[in-house]
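Okay, structure first, notes after.
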Amino acid sequence: MGSGLTKNKSKDLMNKYLSTSLPSDPGVWYGTLGGSPSAHSNCTLFSQWFLKNYTKGDVQLAMPSGNGYEMVDKFIGANGGKFSKSGTPQAFSLFSISPKNGNYGTYDAGHTGIVLGIDGNTVITGEANYGAPYGGLDASYPNNGTVVMTRSLSTFNSSTGVTFVNLNNYLVDELKNTDNGNNNTEEEDMFTIGADGRGIALVAGGIFYSLLDAKDPTSFWNTGIKHYIVSSKTFDALQERSGRL
């Protein structure tokens, strides 16, 4: 199961970011500071660049304070209720990570970036990091100024202090209907399932995923993901026969 961009396609997008002329610190670009020591090395700058270039319609940009952990909330607030916060990543979601988060090594400002694709249990993200030079799109700390990261879907969620806002309904045509190079559509690979006394689970690639936020089902349904109501016996049988995360 894949949705959004592959890792290689994500690198193509990140190379577009790197080829964009942006100000260095203390220059300002759409309300956020340029990076340092490389112009592109700033997480809020990259998220703002993506929102500016890959959403359309009457979407308003967030006006970031410089804190990556505030990007999701500020973007939702700037758009007057068009978007809702989720605890589960989907391809083409803005994300924020809480400050002083030991799981991700964030400091007071937290972190932000974009989920560019999901491939099975792998989340593919585009990110930039303030204070880090560019060392290649696969570079690790301390040369991870602009990178493509892979993270685990089972942990990269609200259980470890990460929140998301799904952008799919407002994407430019260039990004619509991408599926990680697979012929199957997201609807065929991913759906939600519910039963009396069992709640709602996400099934992706035959694996059950617990939904960790009450708004998560709506976020999936708003992108066209199908929902099925079954008996509790069928729910239990399907869960038993699949992996569960």
Side-chain angles (χ1 to χ4, degrees), residues 1-4 47 51 55 59 62 68-77 79-98 101 103-104 110-125 150-171 175 178-180 185-230 232 234-236 238-239 242-245:
M1 183 276 295
S3 59
S47 289
L51 294 171
T55 61
V59 174
Y69 77 89
E70 294 183 313
M71 280 294 291
V72 163
D73 287 337
K74 285 184 173 290
F75 178 73
I76 291 172
N79 284 283
K82 289 187 180 71
F83 298 91
S84 59
K85 188 186 299 187
S86 171
T88 306
Q90 297 179 67
F92 307 122
S93 296
L94 170 69
F95 72 81
S96 284
I97 301 178
S98 61
N101 187 319
N103 295 295
Y104 302 101
H111 188 49
T112 185
I114 302 292
V115 175
L116 296 175
I118 295 180
D119 186 7
N121 191 43
T122 299
V123 181
I124 303 166
T125 62
T150 54
R151 305 178 184 276
S152 172
L153 181 63
S154 60
T155 57
F156 193 63
N157 52 51
S158 59
S159 70
T160 57
V162 192
T163 55
F164 308 86
V165 57
N166 180 10
L167 306 170
N168 276 276
N169 289 340
Y170 295 90
L171 291 175
L175 294 182
T178 53
D179 62 359
N180 258 345
T185 65
E186 182 175 323
E187 288 82 1
E188 293 171 333
D189 289 318
M190 182 182 293
F191 57 90
T192 59
I193 190 169
D196 288 342
R198 300 294 187 270
I200 298 174
L202 172 70
V203 181
I207 299 175
F208 269 64
Y209 294 92
S210 299
L211 297 181
L212 303 174
D213 189 289
K215 295 180 180 179
D216 287 345
T218 301
S219 296
F220 285 112
W221 300 334
N222 284 344
T223 66
I225 298 298
K226 294 181 180 179
H227 180 62
Y228 299 96
I229 300 294
V230 298
S232 58
T234 298
F235 187 100
D236 292 344
L238 288 171
Q239 180 176 308
S242 74
R244 182 178 179 181
L245 296 172

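Only this structure's heavy atoms are used, side chains among them; waters, hydrogens and symmetry mates stay out.
Side chains of Y209 and T88 form no contact here, defined as non-hydrogen atoms less than 4.5 Å apart. Inter-residue side-chain proximity for Y228 and V203 is flagged as unmet; no heavy-atom pair is nearer than 4.5 Å.
Screening I97, V115, N103, V123 for a side chain to side chain contact (heavy atoms under 4.5 Å, CB included) with V162, the sole residue that qualifies is I97. For the side chain to side chain donor-acceptor pair (under 3.5 Å) criterion with S152, the lone passing option out of T122, N157, N121 is N121.
Here CG of N169 is found 12.0 Å from OG1 of T55. Values are rounded to the nearest 0.5 Å. A distance of 11.0 Å separates CZ of F191 from NE2 of H227, quoted to the nearest 0.5 Å. Distance check, rounded to the nearest 0.5 Å: OG1 of T218 to CD1 of I225 gives 13.0 Å. In this structure, L116 CG and T125 OG1 are separated by 7.0 Å, a value rounded to the nearest 0.5 Å. In this structure, CG on N168 lies 8.0 Å from OG on S3, to the nearest 0.5 angstrom.
The minimum heavy-atom distance between F208 and F235, with the atom names listed, is CE2-CZ, 3.9 Å. Taking all atoms of both residues into account, the shortest heavy-atom contact from K74 to A62 is C-CB, 3.9 Å. Minimum heavy-atom separation, S96 to G68: OG-O, 2.8 Å. Closest approach of F164 to P89, counting heavy atoms only: CE2-CB, 3.5 Å.
Taking the six-membered ring for Trp and thresholds of 30 and 60 degrees, F83 and F75 have ring planes inclined between 30 and 60 degrees apart.
Counting only distance, with no hydrogens or angles, the side chain of T112 and the backbone of F95 share a donor-acceptor pair below 3.5 Å. Listed for the N101 side chain is a donor-acceptor partner under 3.5 Å among the backbone atoms of T160.
K85 pairs by the salt bridge (Lys or Arg N to Asp or Glu O under 4.0 Å) definition with D73, not counting sequence neighbours. Residues forming a side-chain hydrogen bond (donor to acceptor under 3.5 Å, both in side chains) with T155 (at least two apart in sequence, or on another chain): none. Residues passing the side-chain hydrogen bond (donor to acceptor under 3.5 Å, both in side chains) test with S93: none are found, sequence neighbours excluded.
Side-chain contact, D216 with S86: a donor N or O sits under 3.5 Å from an acceptor N or O.
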Audit row: L51, V59, side-chain contact (heavy atoms from CB on, under 4.5 Å) steps and yes/no = CA-CA 9 Å; L51 294 171; V59 174; 5.8 Å; no
Checking side-chain contact (heavy atoms from CB on, under 4.5 Å) for the pair S232/D196: CA distance, chi angles, key distance, verdict?
-> CA-CA 6 Å; S232 58; D196 288 342; 5.8 Å; no
Given the rule in the side-chain contact (heavy atoms from CB on, under 4.5 Å) test, do I114 and L94 qualify, once you have shown the distances and angles that lead to the verdict?
-> CA-CA 5 Å; I114 302 292; L94 170 69; 3.9 Å; yes
